[in-house]
Peer 1: 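The structure's right below; bear with me while I get my questions together.
The residues of the chain are indexed from 1 along the displayed sequence. Order of listing sets the numbers, starting from 1, for every ligand and every atom in it.
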Amino acid sequence: MSFKPTPNDKFTFGLWTVGNPGRDPFGEPTRPTWSPAEIVDMLGEAGGVCGVNFHDNDLIPIDATDAEAASIKKDFSAALNRTGLKVCMATTNLFGDPVFKDGGFTSNDADVRAYAVHKTMRAMDLGAEFGAKIYVMWGGREGAETDAAKDPVESLNRYRDAVNFLTNYNKEKGYGYRFALEPKPNEPRGHIYLPTVGHLLAFIQTLEHHADVGVNPEVAHEHMAGLNFTHAVAMALWAGKLFHIDLNDQAYGRYDQDFRFGSENPKAAFFLVKLLEDHNYDGFKHFDSHAYRTSDRADVIEFARGSMITYLRLADAAKRWNADARVKQLLASMPKAEGGVPATYSPGAAADLHARSFDRAAIAARSLPYEALDQRTIEILMGG
Ligand code: GLT
Ligand code: MN
Ligand code: MN
């Protein structure tokens with residue numbers, strides 16, 4: 001079995017991930033700043049990548065002149081042509097510039113809120129120019145350190161107004177974007193609004209064009225909140241809202257690490273991939289991670305390759321798990337799952353269930369060999 005990614009696998013990377021220069025809060029960059037075209041070439045070298053994603057300012061610096069923008073776009077397009085990569089997703093940087101120090105859509109300053117929507121409309125224009133059909137919104141600065149600063153209910157109104165405005169702009173321009181909102185509990189704000197997948201799913205239902213809006217869950221973000229990412233993604237799938245996914249890894253209880261997918265919790269990564277494959281998720285799989293600060297250019301390419309190969313190996317393990325004789329035998333030995341609560345209510349069905357008698361002790365004594373099942377899972381993950 002060869003684990004060679006192809007564009008059909010829909011693996012994507014961001015300009016800001018492969019191009020991450022290795023700066024951290026304590027230290028200066030350890031790698032050079034590569035141009036967008038140079039980053040695309042690196043992804044070409046990695047092989048089998050479907051596409052590249054960007055924030056407006058990953059491609060065009062915030063203060064670039066029109067002439068500078070035109071020349072960057074020309075070089076970037078040429079790199080896309082020679083590598084065959086597509087632009088799959090676009091997003092807005094509403095967190096880097098000091099103007100967003102107190103948020104964008106939810107800032108207390110009306111001019112900042114207007115500027116954030118203005119900047120997003122222009123970033124949507126840029127993404128559409130390159131053919132992106134997914135638009136991510138990550139509200140990293142939408143939050144607070146102290147709740148003395150803002151009314152959190154009013155913040156949700158402001159957030160909703162901004163997203164409503166932008167989904168209308170999408171319709172007016174005919175861009176055909178599907179929006180994917182991305183939750184995170186903290187970093188860079190002390191507390192970020194809409195911190196988990198569940199919060200966002202409730203928020204989305206209140207939007208004017210809610211059918212066009214889904215979620216972009218990220219492994220590390222749910223793990224930072226101490227949650228089970230596979231369950232969060234399951235809820236998004238169940239709600240028909242898994243429009244995009246950010247794959248990476250993260251030790252529980254740590255700072256925002258953005259490690260290579262599967263590098264920290266391979267068992268959790270296995271159950272995630274199994275879920276995505278079993279439920280035929282066919283959106284982009286974006287590796288929102290960066291190489292260790294110790295990596296050089298060659299090792300960054302290994303990091304990109306490794307991310308894709310880990311996914312493919314886990315997908316293969318999921319197939320082997322589903323076909324495994326011992327797994328099948330264990331599952332077959334468990335209590336029957338069919339039936340239970342009638343799918344539709346009727347007075348007759350209710351009367352039957354109401355009158356039914358249960359042998360509680362006998363039911364409680366049924367065997368659930370989950371230890372054996374989990375051990376078999378670990379063995380499959382270990383290759384046999
Ligand atoms: C930023 C953040 C990510 C988001 C990106 C989209 S940018 O690096 O850490 O999780 O997906 O804005
Ligand atoms: Mn992250
Ligand atoms: Mn992300």
Side-chain angles (χ1 to χ4, degrees), residues 11-25 29 39 51-59 62 87-97 100 103-105 116 119-120 123-124 126-127 132 134-143 159 162-163 166 177 179-189 192-197 200 214-227 229 232-233 236 242-265 269 272 283-293 303 307:
F11 293 134
T12 69
F13 293 83
L15 287 180
W16 71 95
T17 64
V18 181
N20 184 291
R23 182 185 293 109
D24 73 15
I39 297 168
V52 64
N53 309 317
F54 58 71
H55 297 85
D56 48 355
N57 304 135
D58 298 335
L59 190 61
I62 195 163
V87 170
C88 301
M89 174 270 263
T91 183
T92 329
N93 186 324
L94 296 179
F95 45 88
D97 193 86
F100 300 120
F105 299 160
K119 191 171 190 286
T120 304
M124 286 168 63
L126 182 67
I134 296 285
Y135 205 85
V136 162
M137 289 182 177
W138 172 66
R141 293 269 176 212
E142 314 294 357
Y159 218 133
V163 178
L166 291 162
Y177 279 123
F179 295 84
L181 307 193
E182 178 176 346
K184 189 177 184 186
N186 54 274
E187 285 191 55
R189 295 313 294 265
I192 299 178
Y193 298 134
L194 301 170
T196 70
V197 170
L200 269 181
V215 291
N216 177 36
E218 173 171 319
V219 179
H221 297 179
E222 239 51 31
H223 285 191
M224 285 170 72
L227 300 174
F229 185 67
V233 171
L242 188 65
F243 286 10
H244 197 260
I245 193 163
D246 276 1
L247 300 177
N248 59 9
D249 214 344
Q250 164 83 32
Y252 278 91
R254 296 288 166 93
Y255 66 97
D256 179 18
Q257 296 179 307
D258 288 335
F259 285 155
R260 190 179 76 259
F261 179 58
S263 62
E264 193 67 29
N265 299 287
L272 171 67
F284 294 114
K285 295 177 284 266
H286 170 224
F287 295 105
D288 193 8
S289 47
H290 39 81
Y292 300 139
R293 192 163 174 267
F303 144 89
S307 304

Peer 1: So, Glu218 and Asn248: side-chain donor and acceptor under 3.5 Å apart, yes or no?
Peer 2: yes
Peer 1: Look at the side chain of Tyr252 and the backbone N and O of Met224, then say whether any donor-acceptor pair between them is shorter than 3.5 Å.
Peer 2: no
Peer 1: Within less than 2.8 Å of the Mn ion (ligand 3), how many protein N/O/S atoms are there?
Peer 2: 4
Peer 1: State the NE2-OG1 distance between His290 and Thr17, to the nearest 0.5 angstrom.
Peer 2: 8.5 Å
Peer 1: When you pair each N or O of ligand 1 with protein N or O atoms, which pairs come out under 3.5 Å?
Peer 2:
unit_1	atom_1	unit_2	atom_2	d
ligand 1	8 (O)	Trp16	NE1	3.4
ligand 1	10 (O)	Glu182	OE2	2.7
ligand 1	10 (O)	Glu218	OE1	2.8
ligand 1	10 (O)	His221	NE2	3.4
ligand 1	10 (O)	Asp288	OD2	3.0
ligand 1	11 (O)	Glu182	OE1	2.5
ligand 1	11 (O)	Glu182	OE2	2.9
ligand 1	11 (O)	Asp246	OD2	3.1
ligand 1	11 (O)	Asp288	OD2	2.8
ligand 1	12 (O)	His55	NE2	2.7

Peer 1: If you consider just the N/O/S atoms, which atom of Asp258 is the closest one to the Mn ion (ligand 2)?
Peer 2: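 Of all N, O or S atoms belonging to Asp258, OD1 is the one nearest the Mn ion (ligand 2).
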Peer 1: Rounded to the nearest 0.5 Å, what separation is found between the CE atom of Met89 and the OH atom of Tyr135?
Peer 2: 9.5 Å
Peer 1: For the pair Lys184 and Asp256, find out whether any cationic side-chain nitrogen is under 4.0 Å from an anionic carboxylate oxygen.
Peer 2: yes
Peer 1: Distance-only, no hydrogens or angles: does the Asp249 side chain make a donor-acceptor pair with backbone N or O of Phe261 under 3.5 Å?
Peer 2: no
Peer 1: Scan side-chain atoms only and decide if Asp288 and Trp16 contain a donor-acceptor pair under the 3.5 Å cut-off.
Peer 2: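 Asp288 vs Trp16: donor-acceptor pair found between side chains.
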Peer 1: For Ser289, enumerate each residue passing the side-chain hydrogen bond (donor to acceptor under 3.5 Å, both in side chains) test, keeping only those at least two apart in sequence or located in another chain.
Peer 2: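 Here no residue qualifies.
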Peer 1: In this structure, is the centre-to-centre distance between the rings of Phe100 and Phe95 below 6.0 Å?
Peer 2: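 Between Phe95 and Phe100, the centre distance exceeds or equals 6.0 Å.
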Peer 1: Check salt bridge (charged side-chain N to carboxylate O under 4.0 Å, His left out) between Arg260 and all other residues, then give those that pass, not counting sequence neighbours.
Peer 2: none
